Structure formats: structure tokens, C-alpha cells
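Below is one structure; the comments refer to it alone.
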Amino acid sequence: MADPQGPKKWYGVPKSESPLEVKELTWGATANSTTAPKELEAALELLANYIPGQLLQGHTVKLPGIGSLRVSFRSKGVDRVQDFKVSEMLYDVRILFTPDKELRAKVMDNITFEDGGVKEGTINYATRADYYKAVGIVVSPVEPGGGSTGGGGGSGETPLG
């Protein structure tokens with residue numbers, strides 16, 4: 001756990017783009033196939049309507065090539081089974097997704113990282129060089145990857161990426 005009183009550190013964080021819209025997803029997924037994007041969209045809607053009932057019945061839902069969904073929860077313990085009250089003892093209900101091994105491998109074996117800039121506070125700098133210029137940091141041109149700096153300003157974590 002980070003020391004809240006200690007010097008602030010810089011962290012790499014994923015730079016997530018906005019999610020694909022359904023039309024973009026279905027057009028991309030059906031490219032070079034005989035399946036129409038509307039057919040895939042309809043199939044996804046059918047699954048979205050079917051899956052909740054299966055999860056509510058306690059089933060694990062396997063999506064071939066993608067992964068599985070299941071419900072999980074935590075439970076308080078009691079000394080005697082007679083004292084167990086489902087409505088009071090179960091909490092932290094979640095839907096968990098476990099990626100398929102092949103899907104995970106396709107992502108993990110091919111993932112690459114790049115310097116996506118710096119975010120400090122509410123300002124996003126496109127590159128570390130832009131950030132350095134804005135805050136007056138002089139970096140030796142010999143440093144690989146644009147150099148590094150000690151702790152970040154402001155409160156909390158300051159992400160790179």
C-alpha cells in the first residue's frame with residue numbers, strides 16, 4: 001500500500017478508448033463473412049436477454065471462444081447452521097467474467113505498450129515531451145524513452161499513459 005504522506009509516484013495506466021458501438025462491432029466482426037451485421041446484432045441481443053435468466057438460476061454461461069460468466073458472492077459465517085439466514089448472510093454479489101484461455105493467449109501474446117503521454121490533474125499531455133515542456137523539466141537527450149521524473153505533483157496517483 002502506498003504511503004499517503006510519502007512522495008507521489010508516477011504509474012503507467014491503460015489508455016482505454018471509448019467502447020465500440022454495436023454497429024462498429026458487428027460490421028468489423030462480420031467483415032469477410034457471409035453473416036450480415038444485423039444478424040450478429042440480433043444474435044447478441046438474444047444472448048443479452050437470455051444470459052441473465054441463466055445466471056439467476058446459478059448456471060455458468062460459457063461463450064465459446066470468449067469466456068464464461070458466473071455469479072459470485074461472499075458470505076458471513078455462523079457457528080450453527082440453524083442460525084444461517086440467506087437474506088442477511090450473503091453480500092457482495094458480483095458477475096464474474098473469466099476469459100477463454102485462447103482469447104487470453106491471443107491478447108497476452110500480442111500485446112504491446114507505447115508511451116501514450118501524461119495526465120496530470122485534468123490535463124492530458126499527448127507526449128511526455130509536451131508535459132516536460134509545460135512544467136519546465138529539462139531532459140537529457142541520451143535518456144531512452146523520454147526520460148523519467150521523480151514523484152508527481154498534486155494529490156494521489158499521477159498516471160503515465
Side-chain angles (χ1 to χ4, degrees), residues 1-33 35-126 128 131 145 148 151-161:
M1 178 182 258
D3 176 7
Q5 304 303 339
K8 303 300 177 204
K9 296 184 183 252
W10 293 93
Y11 295 90
V13 296
K15 187 174 183 180
S16 299
E17 297 295 325
S18 58
L20 287 175
E21 294 295 325
V22 174
K23 286 187 190 259
E24 292 175 289
L25 174 71
T26 57
W27 277 93
T30 59
N32 303 316
S33 78
T35 303
K38 269 293 190 199
E39 291 175 312
L40 179 55
E41 187 174 341
L44 291 171
E45 286 179 27
L46 289 171
L47 271 175
N49 290 329
Y50 180 73
I51 289 172
Q54 296 303 301
L55 294 173
L56 289 169
Q57 291 179 38
H59 298 289
T60 295
V61 177
K62 175 90 170 118
L63 302 169
I66 298 173
S68 60
L69 296 162
R70 66 183 175 88
V71 173
S72 177
F73 55 83
R74 297 179 73 184
S75 175
K76 296 176 186 172
V78 294
D79 293 326
R80 298 177 336 130
V81 70
Q82 302 93 312
D83 296 333
F84 192 84
K85 294 180 176 73
V86 173
S87 62
E88 297 174 14
M89 308 308 252
L90 304 180
Y91 65 99
D92 196 19
V93 179
R94 298 175 183 204
I95 299 173
L96 300 180
F97 172 73
T98 304
D100 183 85
K101 287 181 183 178
E102 290 177 13
L103 172 68
R104 181 172 170 73
K106 285 178 187 176
V107 173
M108 300 308 285
D109 292 348
N110 294 294
I111 196 165
T112 60
F113 299 95
E114 59 186 56
D115 189 338
V118 176
K119 179 178 181 182
E120 184 172 46
T122 59
I123 301 172
N124 285 310
Y125 299 92
R128 275 199 269 175
Y131 172 75
S148 62
S155 62
E157 297 177 355
T158 304
L160 292 170

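These figures come from a predicted structure and were not determined experimentally. No hydrogens, no waters, no symmetry mates; every other heavy atom, side chains included, goes into these values.
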Enclosure of Tyr91 OH (heavy-atom neighbours >12, cutoff 6.0 Å): yes
Atom pair OG (Ser72) and CG (Asp92), whose distance is rounded to the nearest 0.5 Å: 7.5 Å
Straight-line distance of Ser33 OG to Glu39 CD, nearest 0.5 Å: 8.5 Å
From OH (Tyr131) to NZ (Lys119), nearest 0.5 Å: 14.0 Å
Distance-minimising heavy-atom pair for Lys23 and Thr26: O-OG1, 3.2 Å
Euclidean distance, Leu55 CG relative to Gln57 CD, rounded to 0.5 Å: 9.5 Å
Asp79 atom CG, neighbour heavy-atom count above 12 within 6.0 Å: no
Nearest atoms (heavy-atom pairs only) where Asp100 meets Gly65: CB-C, 3.8 Å
Nearest heavy atoms of Pro52 and Leu47, plus distance in Å: CD-O, 4.5 Å
pair Trp10-Glu120: side-chain heavy atoms closer than 4.5 Å: yes
Heavy atoms from other residues, nucleotides or ligands near OH of Tyr50 exceed 12 (cutoff 6.0 Å): no
Lys62 atom NZ, neighbour heavy-atom count above 12 within 6.0 Å: yes
Sub-4.5 Å side-chain heavy-atom contact between Phe97 and Leu69: yes
Test log, rule side-chain contact (heavy atoms from CB on, under 4.5 Å), inputs Thr98 and Thr60: CA-CA 10 Å; Thr98 304; Thr60 295; over 6 Å; no
Flag if over 12 foreign heavy atoms under 6.0 Å of CD1, Ile95: no
Closest heavy-atom pair and its distance - Pro99, Leu103: CB-CD2, 4.3 Å
Distance (rounded to the nearest 0.5 Å) between Glu45 CD and Lys38 NZ: 7.5 Å
Gln82 atom CD: more than 12 heavy-atom contacts under 6.0 Å: yes
Considering all heavy atoms, the nearest Thr35-Thr30 contact: O-CB, 3.2 Å
Where Leu44 and Leu25 come nearest, the two heavy atoms and their spacing: CD1-CD2, 4.0 Å
